[in-house]
Amino acid sequence: MHEKPYRNKLMIFDDDEDIVSICQMILERHNWVVSAHTTCCDIIDKVKNEMPDVILMDNWIPSIGGIDATRLLKENTITCAIPVVYFSANNAIEKLAREAGADTYLAKPFDLRTFENLITRYGRSC
């Protein structure tokens with residue numbers, strides 16, 4: 001009996017439908033399972049239910065914003081080890097990511113190859 005290969009999981013927290021569509025298209029080509037959320041309401045419960053391999057967090061995400069949402073994730077003993085990639089068009093993205101406690105950051109607009117390389121770094125081998 002053959003086991004199905006592991007499919008990496010990613011959660012996107014962004015209210016920009018175009019960005020979400022682009023990210024989903026790229027990641028699904030690399031066999032990732034992607035879920036997207038337009039708000040951070042109940043973020044701990046959402047993340048605990050899916051336990052993704054990585055999270056993409058926008059800075060301007062309703063209702064509490066990316067900084068507070070990332071802090072909540074990093075303060076929770078169950079979700080703290082999940083890498084968070086902070087991404088935003090804000091010029092101070094590096095500072096914002098550090099303030100939030102994110103693992104790394106990606107400036108919008110981003111180069112597609114840079115995005116692929118960054119995300120696949122967090123994936124598990126099949």
- Please report the C-alpha distance between Val54 and Val85 in whole Å, then the side-chain angles of each, then the deciding distance to 0.1 Å, and finally whether the side chain to side chain contact (heavy atoms under 4.5 Å, CB included) criterion is met. CA-CA 7 Å; Val54 65; Val85 177; 4.0 Å; yes

- Task: Let me know which of Asp58, Thr38, Ile55 forms a side-chain contact (heavy atoms from CB on, under 4.5 Å) with Phe13.
- Result: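 By the side-chain contact (heavy atoms from CB on, under 4.5 Å) criterion, Phe13 pairs with just one of Asp58, Thr38, Ile55: Ile55.
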
- Testing Val20, Ile19, Ile26 for side-chain contact (heavy atoms from CB on, under 4.5 Å) with Cys23, which one passes?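 Going through Val20, Ile19, Ile26 one by one, the side-chain contact (heavy atoms from CB on, under 4.5 Å) with Cys23 is satisfied by Ile19 alone.
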
Does a salt bridge link [X] with [Y], judged by any charged N lying under 4.0 Å from a carboxylate O?
{"X": "Lys48", "Y": "Asp42", "value": "no"}
{"X": "Glu99", "Y": "Lys95", "value": "yes"}
{"X": "Asp103", "Y": "Lys74", "value": "yes"}

[X] side chain near [Y] side chain, heavy-atom distance below 4.5 Å:
{"X": "Tyr86", "Y": "Leu106", "answer": "no"}
{"X": "Thr104", "Y": "Pro83", "answer": "no"}
{"X": "Glu50", "Y": "Lys9", "answer": "no"}
{"X": "Met57", "Y": "Met11", "answer": "no"}
{"X": "Phe110", "Y": "Leu112", "answer": "yes"}
{"X": "Ile119", "Y": "Trp32", "answer": "yes"}

- Message: For a side chain to side chain contact (heavy atoms under 4.5 Å, CB included) check, start with the C-alpha distance between Trp60 and Asp16, then their side-chain angles and the critical distance, and finish with the verdict.
- Response: CA-CA 10 Å; Trp60 299 108; Asp16 184 326; over 6 Å; no

- Item | Test applied, side-chain hydrogen bond (donor to acceptor under 3.5 Å, both in side chains); reference residue, Lys108; option that passes from Asp14, Asn59, Asn90 |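 Filter result, single survivor: Asp14.
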
